[in-house]
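Reminder, nothing fancy here: chain letters follow the sequence lines and each chain counts from 1.
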Amino acid sequence: MSTVILLLITGLGLGALYFLVASGLSLIYGLMDVLNFAHGAFLTLGAFAGYEFAKAIGGASWGTFLISILIGAIVGALFATLTELLLIRKLYERLIEQVLVTVGLSLAAVALFEGIWGQDPLYTTGPSWLNQTTNVLGATIPNDRFIYIIAAVLVLLAIVAFLKFTRYGLIIRAGVENRSMVTALGIDVRTAFTIVFAIGGAAAGIGGVLASHYYGSVTPYLGGSLLIFAFIVTVIGGLGSLAGAAIASGLVAVLQQFANYYFGLGDLIVVLLLAAVLLLRPSGLLGSKKA
Amino acid sequence: MNRQAISNLFANPFVKWGLGAVLVLFMAVLPLLNINIPGVLPGPTYTPGSLQLIAFAMLIASLALSYHLIFGVAGLLSFGHALYFAAGAYGLGIALRHLQLELVPAIVFTLALGLIIAGAVGALSLRATGIGFAMVTLAFAQAGSVLVRRNPGGLTNGDEGLGLATANVPDFLIGVINTKNLYWMCLVVLVIVFLITTWFEKSRAGHVVAATRENIGRVRVIGIRPYFVQLLTFVISGVLATLVGMAYMLLQSSATQKVITAEFTLSLLVIVVLGGVGYRWGAVIGGIVYTFLDQRLTALAGSEAIANLPDILRIPLSEPLFILGTLFILVVLFLPGGISGVALRLARGKTGLAKERQTLEELA
């Protein structure tokens, strides 16, 4: 029983990281039909920014940890905004080229990170509480998992609140539903595009800082490895659906943990799940017919 | 001669194939010549180092051609092409080392393996369309990558890479001294892949699959099911990649898990776009240019001139992939036809650009 609880909570912790990446991917795809390969680079840069800040302050206090998350979010958002303004904006309505540009950006960014920070892992330090464990119903859970879950829930709530209660949120929701109609009503969706990128970048930046604590280190390849799972999560959840991304993140990560523990085949199970979902429900769990 | 006359001359099939034959002949005698191209080749053309580099470039060009078939002709954005290449490299390695097969049966075995994998993955992934297709192919390639790293039954040797077991390989394909034989083998592979690609594009199936790229609804309306012809293209493209993978294994004497990463497939995408989407010659030229750029930029990165620059210039310039990635972005933004697009525009005059944008967009 305690093993099941352990796997469940650690799975949700990993799922929280997937969600932080997948939420942005899903929003961006939903509104703009862009499959953003550079999303991993946003995440990695956020992680490096958080690492540099923590190193400069030199402390392992809660304050440093929280501010490093905030800095990761800001850096991720800035990088994403610049990407949208400088690269994606020039190629509106040219879907394949947008994907290609993000592919190029991800290759170039990872290479640049290698040049700046080297290929070796840079080890992170956080509040010592993160490395301790808590007993939940007989299972010993590493504390950091709770932080990931809380962060993902907060980000989910923040995005939902933004989408529900602000004017731009309304435009984004309408745009995901039917972009040409929104444009036809005379509303400029381009600002919404930039905002969606910024939100996605911020979530990815937060995910980056947290992932660097999850793995204990930052490498230039941090984003790339998470991105593939985030893609899978996004497709399973239904492209463009935030709720779908949230459910699929949890589902995929928990399944992965269980399969890893019992068969050692977590990654393969995820791929099989993706194949099954695409064959039985090509638009994903909560996806619209459009995809 | 004016532009029109030149472009008419090149449109003549006899002139075109004649030029191709002359070029192949020239490449074939290259190991016997002493040509020095400083800055591009590490030494004269008869030296093993230069031959190895050119042979590698030809293999990448062949692989790009096979990717051109699925991306440029069928318009299917596959992110898993590395899987079939790796099936060739690892399949041949495993057949020689663990199954102890002779070279020819090992090649047949590996081709069958590639055929089965490409057929199975294609049959599944083609049920999804657009981005879904891209994701399924990516996921299967990822599964392959995981398998290779996990090293099941000691078959793939995990992160260390699988070396070529030379016991069953004929002597004339082994060792630095025989690099020129390997070079000729790679040239033959390139020619075979080019001919098969051309033949397929000009066949009825090729025309149908090009039509599915242009307008899949219309193909359905005239009573053809796109699924099978797309699957056929997918399988041919995959088996050609397997063929190239085997040649890679023989040339490099080892395969590492690098050849099955998503980055490897992405670099093929970069090559095809760099060369010009939709042009066979574009894929070949893109593959060769990319390989040489990668090689030379790596050499440049280690050079004195770079090491003495201030950090802000030194760091970006010492990362070949950074320069290639940036170059790629610039090509996508400003030269949508890639290298062959530029060449054609020079030959034809101004009308090229709009047409190239259209070619890329038809893929969407």
Enclosure of B:R149 CZ (heavy-atom neighbours >12, cutoff 6.0 Å):
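Yes, because the 6.0 Å sphere around CZ of B:R149 holds more than 12 heavy atoms from other groups.
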Residue part contacting chain B, namely of [X], when any heavy atom lies under 4.5 Å:
{"X": "A:I116", "result": "both"}
{"X": "A:F229", "result": "neither"}
{"X": "A:L35", "result": "side chain"}
{"X": "A:V235", "result": "side chain"}
{"X": "A:L87", "result": "both"}

Short side-chain donor-acceptor distance under 3.5 Å, A:Y221 and B:E263
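Side chains of B:E263 and A:Y221: no pair found under 3.5 Å.
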Would you mind telling me which of A:L105, A:L107, A:L112, A:V101 has the largest number of heavy-atom pairs within less than 4.5 Å of chain B?
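The residue among A:L105, A:L107, A:L112, A:V101 with the greatest pair count is A:L112.
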Let's test your reading of the structure: which of A:I232, A:I228, A:L274 forms the most heavy-atom pairs below 4.5 Å with chain B?
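Most heavy-atom pairs under 4.5 Å with chain B: A:I228.
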Would you mind checking which part of [X] comes under 4.5 Å of any heavy atom in chain A, side chain (CB onward), backbone (N, CA, C, O), both or neither?
{"X": "B:L77", "value": "side chain"}
{"X": "B:F140", "value": "both"}
{"X": "B:L138", "value": "side chain"}
{"X": "B:F322", "value": "both"}
{"X": "B:A262", "value": "side chain"}

Taking the six-membered ring where the residue is Trp, are the ring centres of A:F37 and B:F79 under 6.0 Å apart?
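Close enough - the centres of the two rings lie under 6.0 Å apart.
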Within this structure, what is the CG-OH distance for the pair B:L113 and B:Y84, rounded to the nearest 0.5 Å?
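Taking CG in B:L113 and OH in B:Y84, the distance rounds to 12.0 Å.
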Taking atom CG of B:L266 and atom OG of A:S106, what is their separation to the nearest 0.5 Å?
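It comes to 6.0 Å.
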Any donor-acceptor N/O pair, [X] side chain to [Y] backbone, under 3.5 Å:
{"X": "B:T261", "Y": "B:Q257", "value": "no"}
{"X": "B:Y67", "Y": "B:A241", "value": "no"}
{"X": "B:T137", "Y": "B:S78", "value": "no"}

